Amino acid sequence: MIGKHALGVKPARHIRSATIAIFLNSLEGLLYRHLERRLARHVRDLLRRNYAVDLPRIVVEQPPQVELGEYALPLAFELAKQLRKPPRKIAEEIIAALGQLEGFEKFELAGAGYINARVNRAYVAAALAADQNPKVEIPPGKILVEHTSINPNKAAHIGHLRNAILGDTFVRLLHFAGREVDVQNYIDNTGVQVADVVVGFLHLEKKSRSEIEQLVRQPRFDYYCWDLYARVSQWYGQEKQNREARAQVLHAIEAGNDEIAAIADLISVAVLRRHLETMDRLDIKYDFLPRESEILHLHFWDAAFTKLKEGNVLFLETEGKNKGCWVMRRAGTTRATRQNASAEDAENGEVAEEDQKVIVRSNGTVGYVGKDIAYHLWKFGLLGRDFGYRKFYRYPNGHECWVSTTVGALDHPHFGGVAEIYNVIDARQAEAQNTVIEAMRELGYNQQADHYTHFSYEMVALTPRCAAELGYELSDEDKTRSYIEVSGRKGFGVKADDLIDTLISSARKEVDTRHPQLSEPERATIATQIAVGALRYFMLKFTKPSVIAFDFKEALSFEGETGPYAQYAVVRSTNIFRKGGLDPDTYLRDAACSVSIEDFAKYLMGESGNAIWELWLAASKTSYIIDQCVATTEPAYLAKHVFQLAQLFNTFYHQHPILTEPDESRKKFLLATAAVVRRELIRMLAVMGITVPPVM
RNA sequence: GGCCCCGUAGCUCAGUUGGAUAGAGCAGCGGUUUCCUAAACCGUUGGUCGGCGGUUCGACUCCGCCCGGGGCCUCCA
């Protein structure tokens, strides 16, 4: 629901050149992903027809150098044994049979039996300049992305930033792919973490409700809680009986109708607002905040419990250590247990003790996984209950964020009942997530389970050096580790707002020296854009399963493989047009299309055109890369590609002075090159949530 | 003990779901600014892809075993 389209640039409405217009109308697409699909389809048909072979997947890869073509098919190797012919011979035959294919120049035999395909560079470039991007089939149904989900009891830290940036970027990727998305941020406002801070205010600080009401209004109340939470954890360690305070508070919060519950609500709401402010600094916004308090008070669990019992997913353990608990089979123990068990055991749903997951404790209270099952049944519209909704937070840009409540507004957007869900949750919770999926499956909701994706990522830890810089005392063992885990409980970590502040002031210093003539607000805006660009890029450049060992030096870098590097490439392109007295977008719409097919061919074909063609080719891959990111749930590919494109552009920029180019048609072509790359970079950066300053 | 992730250049990481000569950034060394041009560019140093087997025409990639690091496995969330 946020930002219908993440596109930073509007597509050109019409094409000026009659030649190109006719050509483009006759085709379904000329950009990288369209050509790849067409090639694969063409080859598959040919293999069926001529060889009666049906390959499950036609592998299409990219040759090591652009000189060898744009696509490479290694399929002759695969067929060699089956057809009892040498690969080169097969490749030759296939090439002869391939004939003509729209958008392609020719097919060639290469190496030991590769079939390399060369596209018609001029046509592809013309299509890209005209921003041709034909509609592709978009799967129906709304998608729900859950991310951030920070316990509302302390300030957000760098680990939470990775979660939110990954989640928000994935939302933008889905938007780009044309999908409708709801963004949810689950709030555990009734758990032990909130209880702990409440204990801190009541037992350590001895604060009254009205005093807390005052404190809540201070600017960074979440920082106050950060320190208090760490002190409470220490306090629990001092005397065993201190922990009794937690149990009492927790119980009061769950019941939800006394002074303590009111204080807990006061605190968690205030911290939650702070989280929304922090994330909005990075342009991360939410549509709906489902809270655990409503899951409890609206009795979501009761509805889920009934279903789980009726579906024989849960059973009451009558002996052993889990006696008196409602348990289910732990994820990952699925078939083995069933097959090894006797038919009668399977009937009763009996599972070995070590394979059991307790869902309802023997005292009748439900655990976290149980509540999560109920919540996920709601997400798919399977629970038969709904939240109440009220407006909670209005962003400066007018976007409205809703929160769950027991009795809400009559008029509200519809949340839940979606077709697909993605949960951005760190890898440590993989087993819990799988247990929820397993419960859905056992309830017979296989289709929903298939569309339940745990968007798993690794944590952000600190390098020992970084930890030492922050003033933490390290044991000798810690010093030898490659990284040290952040701990909210110990108050050990880098707070999100602190990091953002540091980045902004660091960027600000540079902007001040480079552009002293700019006004104060202008410099502030640019510094913020650079800081956000650096931070978001930093969190996205690592692949999800890689632990980020956080280090200030790297995170604060604005050089090399960073967000500012890519932003700077765009600024350079913008500079060309500014100094040339042109507007890049207008130029693309009007002038670039006046570059004739012949001129595109002249400057892009052959040896001399290879280098610039490489740049055009990379620029034509936007939708291809984004498809890949969505299919693999890996935004890092986009970050890598943006950097590569920026790198190619910087090389181009260095080698080709454009404004002084004497040949008028060549100058037009070079300007079109700069404008196209600029447009694609802006687009992809927007998908990463990064904007580009006017100057840097 | 069981399950999951990681191991690639001095450091931090990519490696297109089995393909052509393993790539970036940082750090180091040496260069390039009257320019649309330095948050940049060029050159250069640097590799037993943790180890051993296996599958394959072909393995950094898949399988098995081992070594090293991390995580999860609680009537916590």
Side-chain angles (χ1 to χ4, degrees), chain A residues 57 59-65 68 72 74 77-78 80-81 86-87 110-114 116 151 188 190-193 292 317 321-327 330-333 354-355 357-363 365 367-369 371-372 426-432 434 456 458-459 461 463 481-483 485 507 510-511 514 530 534 541-549 551 553-554 557-565 567-569 571-580 624-625 628 631-632 636-637 639-641 643-644 647 650-651 653-660 671 674 696:
Chain A
R57 198 179 71 245
V59 176
V60 181
E61 49 192 42
Q62 294 163 41
Q65 293 104 28
L68 294 170
F77 302 113
E78 208 175 332
K81 190 174 257 183
Y114 285 97
N116 287 357
N151 277 305
D188 180 4
T190 60
V192 285
Q193 294 213 21
E292 187 160 280
E317 181 57 274
K321 71 174 175 112
N322 293 336
K323 184 177 177 181
C325 297
W326 286 87
V327 303
R330 192 183 292 286
T333 61
E354 65 268 24
D355 291 342
K357 174 70 195 167
V358 172
I359 302 298
V360 182
R361 303 179 191 107
S362 55
N363 67 4
T365 57
Y368 157 79
V369 174
K371 287 178 241 177
D372 223 25
D426 77 73
R428 286 172 291 195
Q429 293 194 48
E431 192 175 305
N434 287 334
S456 169
E458 268 295 348
M459 61 184 169
T463 60
R481 290 169 180 263
S482 51
Y483 51 79
E485 198 175 339
E510 291 291 327
V511 174
R514 287 163 203 249
I530 292 169
K541 73 192 238 187
F542 302 93
T543 53
K544 294 184 302 168
S546 167
V547 174
I548 298 181
D551 184 80
K553 188 168 162 289
E554 258 191 273
S557 169
F558 299 148
E559 290 166 17
E561 196 195 337
T562 66
Y565 178 96
Q567 289 171 316
Y568 188 62
V571 166
R572 284 182 138 181
S573 177
T574 307
N575 285 345
I576 298 171
F577 288 92
R578 188 189 301 109
K579 297 256 168 83
Y624 171 80
I625 298 289
Q628 275 196 328
T632 57
Y637 295 143
K640 294 285 172 192
H641 182 254
F643 176 63
Q644 277 169 22
Q647 235 178 353
N650 273 330
T651 306
Y653 182 83
H654 189 252
Q655 284 173 349
H656 304 279
I658 297 177
L659 294 180
T660 53
L671 279 169
M696 275 178 81

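Proteins get letters first, then strands, A, B, ... in listed order; numbering begins at 1 in each. Any value given below was found using the heavy atoms of this structure, including those in side chains, with hydrogens, waters and symmetry copies removed. All of these numbers come straight from a predicted model, not from anything done at the bench.
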Under-4.0 Å side-chain N/O to phosphate OP1/OP2 contact, A:R481 with B:rG70:
yes
Using a strict threshold of under 4.0 Å (side-chain N to carboxylate O), is an ion pair present between A:R330 and A:E354?
no
What about A:Q62, does its side chain sit under 3.5 Å from the base of B:rU16 through a donor-acceptor pair?
yes
Between B:rC41, B:rG15, B:rA39, spot the one nearest the side chain of A:T543, thanks.
B:rG15
Choose from B:rA14, B:rA20, B:rA77 the nucleotide whose nearest atom is closest to any side-chain atom of A:S546.
B:rA14
So, is A:Y637 near the phosphate of B:rU17, with a side-chain N or O under 4.0 Å from OP1 or OP2?
no
Can a side chain N or O of A:K81 be found less than 4.0 Å away from OP1 or OP2 on B:rC57?
yes
Closer than 4.0 Å, any side-chain N/O of A:K579 to the OP1 or OP2 of B:rU37?
yes
Report the residue (A:N575 or A:N116) whose heavy-atom-nearest nucleotide on RNA chain B is the more 5′ of the two.
A:N116
Only counting residues at least two apart or in another chain, list the ones meeting ring pair (Phe, Tyr, Trp, His ring centres under 6.0 Å) with A:Y624.
A:Y32
Any donor-acceptor N/O pair under 3.5 Å between B:rA39 base and A:N650 side chain:
no
Walking RNA chain B from its 5' end, the first of A:A112 and A:A432 to be reached, judged by nearest nucleotide, is A:A112
Taking the minimum atom-to-atom distance to the side chain of A:F542, which one of B:rA77, B:rA20, B:rC13 wins?
B:rC13
Considering only heavy side-chain atoms of A:A549, the closest of B:rC75, B:rA27, B:rC13 is B:rC13
Give me the stems containing RNA chain B, sorted by first residue, counting only three or more consecutive Watson-Crick or G-U pairs with both distances under 3.5 Å; say none if there aren't any.
B:1-7 with B:67-73, B:10-13 with B:23-26, B:28-32 with B:40-44, B:50-54 with B:62-66
Over how many whole Å does the gap from A:D426 atom CG to B:rC5 atom P extend?
15 Å
Could you please name the option among B:rG70, B:rA20, B:rG18 that lies closest to any side-chain atom of A:R57?
B:rG18
Of the listed nucleotides (B:rC76, B:rU12, B:rG71), which one gets closest to any side-chain atom of A:E554?
B:rU12
Side-chain ion pair, A:R428 and A:D426, N-O less than 4.0 Å:
yes
Run the numbers on A:Q193 and A:D188 for side chain to side chain contact (heavy atoms under 4.5 Å, CB included), then give the verdict.
CA-CA 9 Å; A:Q193 294 213 21; A:D188 180 4; over 6 Å; no
Which pair of heavy atoms, one from A:G191 and one from A:E292, lies closest together, and at what distance?
N-OE2, 4.3 Å
Regarding the side chain of A:Y565, the nearest nucleotide among B:rC41, B:rA39, B:rG69 is B:rC41
Below 4.0 angstrom from OP1 or OP2 of B:rU74, is there any side-chain N or O of A:R330?
yes
What about A:R514, does its side chain sit under 3.5 Å from the base of B:rA39 through a donor-acceptor pair?
yes
Of B:rA39, B:rA77, B:rU21, the nucleotide closest to the side chain of A:E559 is B:rA39
At less than 4.0 Å, is any side-chain N or O atom of A:Q647 found next to OP1 or OP2 of B:rA40? Yes or no.
no
So, is A:Y624 close to the B:rU16 phosphate, meaning a side-chain N or O under 4.0 Å from OP1 or OP2?
no
Which nucleotide in the set B:rA77, B:rC75, B:rA20 lies at the smallest distance from any side-chain heavy atom of A:K321?
B:rC75
Between A:F577 and A:L671, is there a side-chain heavy-atom distance shorter than 4.5 Å?
yes
So, is A:S557 near the phosphate of B:rA39, with a side-chain N or O under 4.0 Å from OP1 or OP2?
no
Nearest to the side chain of A:M696, which nucleotide is it out of B:rA39, B:rA40, B:rU37?
B:rA39
So, under a plain 3.5 Å distance rule, would you say the side chain of A:S362 forms a donor-acceptor pair with the base of B:rC75?
yes
